[in-house]
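First the structure, in the form of structure tokens, and then the observations on it.
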Amino acid sequence: MFLACVGKELLSHMRSLRYMLTFVLFLVLTLTGTVVRTHLYQKHVADYTEARRERMRSMEMVQWHWQSGGLGITVEKPPNPLSIFALGLENELTRSFSLSTWMVPTTGARKLSNPSFQYFLNLDFLLIINVVCSLIALLLTFDAVCGERERGTLKVLLSCPVPRDVVIVAKVVAGLLTVFVPLLLSWVLSLVYVLVVAGVTLSVDQLLRLAWIAGVSAVYVCVFFSLGIAVSSWVRRSATSLAVCLFCWIVFVLAIPNAVPMVVKRLSPIPPQSKIVLEKDAVGRYVRKEVAPKIREELSAS
């Protein structure tokens, strides 16, 4: 009976226009984002390779040891291939660290190959899951129960010896299959493009991390599916259910992620730049007057 209910829901979804739009949307967004981000990653790798070559050429020109001390050492962090799938903080983290005997250690930021991309959304898997999949999950489930109640088919279904929990679970399973099939297909095609067509190499650890991303994304989509089914079971009209689902989506996807940093900033404000500079200078004076003489005495004694 459970499989019959799942098959009924699957046929209902696959015959609808929403399923076709979902299938096409996942393929277009995922493949487009993968192609664009793969091109950016390859450009970052080329810039990283050229920076290392330039650094090696400058070190080969050193003739005296005091020149190497002044030139120092610069460690460059290579681009992360997982940024093709999930950008994260790839552009915000420190990309290099320089150390020399003449200068204070400094850090360098990522030099964007195309600065215009910082003004657009980063179309990666996380954005698609966070915004698109959550919205589609609610749009597929907002009338799962109340819609059948309005059409009168729910009474016919419950007149059969089918428990209510079986009906609800069948709707959830069928809806998840409706979304996961095109999503999984688009992920597989993107991974094939990255590994085979673009020739990007992923280690075993990176593949495991990618699997963790997929698993957490699946749980995230299941949460919104459960929310849509719950709202559809509580209300009696499809229009009311759609309004409540959209309100929940706005709160959980748009409002809370943008409101939390503002609340944290109010509760624990960051000190101004002038105060940080004054504290830094005070620490430097303390080191020069108190710590440095002790270190020199210990070195001379040894």
Side-chain angles (χ1 to χ4, degrees), residues 1-27 29-30 125-188 210-254 256-257:
M1 187 62 68
F2 174 74
L3 295 179
C5 292
V6 172
K8 166 186 169 297
E9 296 295 332
L10 279 176
L11 289 176
S12 177
H13 285 302
M14 294 178 66
R15 292 174 180 175
S16 63
L17 181 61
R18 290 182 293 183
Y19 176 76
M20 299 302 300
L21 293 178
T22 301
F23 195 93
V24 174
L25 185 63
F26 279 153
L27 287 179
L29 288 180
T30 306
F125 282 174
L126 294 186
L127 179 65
I128 296 174
I129 295 295
N130 184 31
V131 179
V132 180
C133 282
S134 59
L135 181 59
I136 289 178
L138 294 178
L139 292 179
L140 288 176
T141 56
F142 78 93
D143 61 345
V145 178
C146 59
E148 291 199 13
R149 183 186 289 115
E150 290 179 342
R151 293 188 296 268
T153 57
L154 186 61
K155 294 182 179 180
V156 178
L157 181 62
L158 294 179
S159 64
C160 302
V162 182
R164 296 185 177 183
D165 57 345
V166 173
V167 176
I168 297 298
V169 174
K171 291 181 178 294
V172 173
V173 172
L176 290 176
L177 290 176
T178 303
V179 172
F180 284 160
V181 168
L183 184 61
L184 182 61
L185 179 60
S186 61
W187 280 4
V188 171
L210 194 59
W212 272 104
I213 293 175
V216 175
S217 302
V219 174
Y220 180 82
V221 176
C222 290
V223 170
F224 278 91
F225 259 98
S226 302
L227 177 62
I229 292 291
V231 173
S232 179
S233 302
W234 289 336
V235 302
R236 292 185 174 275
R237 298 182 57 188
S238 300
T240 306
S241 177
L242 179 60
V244 175
C245 288
L246 290 178
F247 175 78
C248 294
W249 181 80
I250 292 174
V251 170
F252 290 113
V253 177
L254 300 180
I256 293 180

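Counting from 1, the numbers follow the sequence of the chain as shown.
For the pair Thr141/Ser232, no side-chain contact is recorded, criterion being any heavy-atom separation below 4.5 Å from C-beta on. The shortest side-chain heavy-atom distance between Val221 and Ser217 does not fall under the 4.5 Å cut-off. A heavy-atom distance below 4.5 Å is found between the side chains of Phe23 and Leu185. Counting heavy atoms from C-beta outward, Ile136 and Leu25 have side chains that approach closer than 4.5 Å.
The closest donor-acceptor contact from the side chain of Ser241 to the backbone of Asp143 lies at 3.5 Å or more, if one exists at all. Checked by atom type and distance alone, the side chain of Thr30 pairs as donor or acceptor with a backbone atom of Phe26 at under 3.5 Å.
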Go through it in stages, so that I can follow the logic: the residues are Leu29 and Leu127, the test is side chain to side chain contact (heavy atoms under 4.5 Å, CB included), and I'd like the CA-CA distance, side-chain angles, deciding distance and then a yes or no.
CA-CA 10 Å; Leu29 288 180; Leu127 179 65; over 6 Å; no
Begin from the C-alpha positions of Val145 and Trp234 and carry the test side chain to side chain contact (heavy atoms under 4.5 Å, CB included) through to its verdict.
CA-CA 9 Å; Val145 178; Trp234 289 336; over 6 Å; no
For Ile129 and Val216, what are the C-alpha separation, side-chain angles and deciding distance, and is it a side chain to side chain contact (heavy atoms under 4.5 Å, CB included)?
CA-CA 10 Å; Ile129 295 295; Val216 175; over 6 Å; no
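Here Trp187 pairs with nothing under the side-chain hydrogen bond (donor to acceptor under 3.5 Å, both in side chains) rule; sequence neighbours left out. Scanning for side-chain hydrogen bond (donor to acceptor under 3.5 Å, both in side chains) contacts around Ser238 gives Glu150, with sequence neighbours left out.
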For residues 166-180, run the donor-acceptor check on the side chains, cut-off 3.5 Å, and write out each pair with its distance to 0.1 Å, sequence neighbours left out.
| residue | atom | partner | partner atom | Å |
| --- | --- | --- | --- | --- |
| Lys171 | NZ | Glu9 | OE2 | 2.8 |
| Lys171 | NZ | Ala144 | O | 3.0 |
| Lys171 | NZ | Glu148 | OE2 | 2.8 |
| Thr178 | OG1 | Ala174 | O | 2.7 |

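Note that CZ of Phe247 and CZ of Phe252 are 9.0 Å apart. Values are rounded to the nearest 0.5 Å. Annotation: the span from Cys222 atom SG to Ile229 atom CD1 amounts to 11.5 Å, rounded to 0.5 Å.
With Cys248 as the fixed residue, the side-chain contact (heavy atoms from CB on, under 4.5 Å) test singles out one of Val244, Ile250, Val251: Val244.
For the pair Trp249 and Leu135, the tightest heavy-atom approach, listed with the atom from each and the gap, is NE1-N, 3.5 Å.
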